[in-house]
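Bear in mind the structure is a predicted one, so any value in this text is a computation, not a measurement. Read the numbers this way: they start at 1 and go in the same order the structure lists the ligands and their atoms.
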Amino acid sequence: MNGKSITIIVGGGIAAYKSLELIRLFKKAGASVRAVLTRAGAEFVTPLSLSALTGEPVYQDLFDLDDEAQMGHIQLSRTADLIIVAPATADLMAKMAHGLAGDLATTLLLATDTPVLIAPAMNVRMWDHAATRRNLATLKADGIMMVGPDEGDMACGEFGYGRMAEPEAIFATAKAALGAPGPLSGKHVLITSGPTHEPIDPVRYIANRSSGRQGAAIAEALAKRGAQVSYITGPVNIPAPQGVEVIAVETARQMFDAVSAALPADIAIFSAAVADWRVDGAGATKIKKQKGALPIFTFAENPDILASISALPGATRPGLVIGFAAETDHVLDHARAKKKRKNCDWLLANDVSGDVMGGADNQVTLIRDKGEESWPMMSKKDVAERLAETITKALKTS
Ligand code: C5P
């Protein structure tokens with residue numbers, strides 16, 4: 001980060017205190033940081049703490065003659081390598097999406113041609129609101145990068161998505177955005193995640209309870225370490241991970257095609273809960289209810305993506321192929337058999353008899369030829385971090 005220049009816009013949210021830690025991380029890494037504090041932000045952190053940490057004046061007013069004499073707001077918007085909005089409140093995001101420029105922060109954001117990274121922070125209902133969804137879609141289409149929000153307890157006592165990403169996560173995303181190399185730089189990872197939907201007819205489908213959270217967390221953990229990640233996901237209701245190429249699919253066959261198209265890869269991780277079967281001959285017209293006659297479906301087998309990729313010959317096979325085994329009983333026995341059958345290099349076994357599918361935590365056992373490791377119950381994010389670390393270490397020693 002040496003020599004990089006960051007502008008941090010601190011919006012008005014309880015998470016503003018975390019921006020102080022974020023500034024400290026950038027300074028420690030050798031970046032120079034300028035802070036812009038919104039009027040609402042100043043209700044949560046003081047200009048004095050920001051300037052003490054940045055070692056620079058804090059910019060607050062659009063019409064401050066002293067500031068304009070030192071550095072005009074247009075110049076302020078152009079001199080950084082990256083602008084970070086943390087916390088990005090619902091209000092700031094709405095203003096950004098609509099191009100409003102009523103204060104220094106929003107003027108700077110409208111006047112800039114520098115990459116912008118936002119770290120949203122708000123109440124879960126505000127995050128879920130249709131207006132925020134619209135604004136988010138606009139910001140994404142405008143090329144604004146995003147990190148978080150995380151799921152968890154909120155200051156207001158509710159639980160859900162809306163907590164600002166932790167300073168370390170914002171820092172890592174910023175580093176990736178600035179093109180800083182990580183231990184997995186130059187490695188291409190493909191990862192499948194989420195469920196598949198197999199149509200019965202144009203309006204009905206067969207699905208499963210996979211939320212895609214574990215796969216998304218792994219994708220993000222690898223991207224953070226500099227990997228180029230192709231994230232192939234079935235239909236999910238979670239935010240897309242940061243810094244990855246998102247390839248959205250619906251059916252197992254589409255997922256298989258997307259995986260084939262994303263090859264070659266150094267590492268392939270199959271965390272998707274792929275439907276084993278599809279309804280044979282699902283038609284283009286809706287099946288009608290008929291008195292006294294129940295529909296009878298016949299099934300066709302879907303391609304086994306993990307087994308197919310593991311079976312690729314020579315250099316076309318990714319160097320490290322990792323599968324998952326979600327089991328409800330005899331977890332390890334089934335998982336060991338699965339590793340053999342599918343011929344993958346590593347297999348992560350998890351017990352899904354509880355509320356793991358769709359939940360926030362996971363307990364996995366990593367099965368490798370050289371032995372097995374049972375990891376304690378931890379958040380899916382921590383599982384992802386540990387897996388990413390294990391992969392990084394394995395590549396170093398291979
Ligand atoms: O056979 P089972 O579905 O339990 O195997 C689980 C592992 O195989 C997971 O890694 C899953 O992503 C992968 N899989 C696949 N294609 C399928 C079925 C499973 O890639 N059709």
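- Here's the thing with Ile305: one of its N/O atoms is less than 3.5 angstrom from an N/O atom of ligand 1.
- Polar contact with ligand 1: absent for Ala273 (N/O pair, distance under 3.5 Å).
- At least one heavy atom of Lys342 sits closer than 4.0 Å to an atom of ligand 1.
- For the ligand labelled ligand 1, residue Ala272 lies inside the 4.0 Å heavy-atom shell.
- Near Gly323, meaning under 4.0 Å from any of its heavy atoms, are these atoms of ligand 1: 10 (O).
- Thr251 and Pro199 get closest at one heavy-atom pair: CG2-CD, 3.8 Å.
- More than 12 non-hydrogen atoms from other residues, nucleotides or ligands lie less than 6.0 angstrom from NZ of Lys224.
- Between Asp257 and Arg253 there is no salt bridge, since no side-chain N of the basic residue sits under 4.0 Å from a carboxylate O of the acidic one.
- Partner of Glu151 under the side chain to side chain donor-acceptor pair (under 3.5 Å) criterion, chosen from Arg213, Lys381, Lys380, Arg163: Arg213.
- With salt bridges taken as basic N to acidic carboxylate O contacts below 4.0 Å, none links Glu21 and Lys28.
- Formation of a donor-acceptor pair under 3.5 Å by the Asp345 side chain with backbone atoms of Val321 is found in this model.
- Looking from atom 10 (O) of ligand 1 to the surrounding protein, the closest heavy atom is Phe270 O, 2.5 Å.
- Here's the thing with Leu306: one of its N/O atoms is less than 3.5 angstrom from an N/O atom of ligand 1.
- Side-chain rings of Phe324 and Phe270 stay apart, their centers remaining 6.0 Å or farther from each other.
- What sits closest to atom 3 (O) of ligand 1 on the protein, heavy atoms only, is Asp276 OD1, 3.9 Å.
- Of all protein heavy atoms, the one closest to atom 7 (C) of ligand 1 is Phe324 O, 2.9 Å.
- Without hydrogens or angle criteria, Thr132 side chain to Asp128 main chain gives no donor-acceptor distance under 3.5 Å.
- Annotation: atom 2 (P) of ligand 1 to nearest protein heavy atom, Lys338 NZ, 3.4 Å.
- Contact annotation: Asp304 has at least one heavy atom less than 4.0 Å from an atom of ligand 1.
- Shortest contact from atom 21 (N) of ligand 1 to any protein heavy atom: Pro303 O, 2.8 Å.
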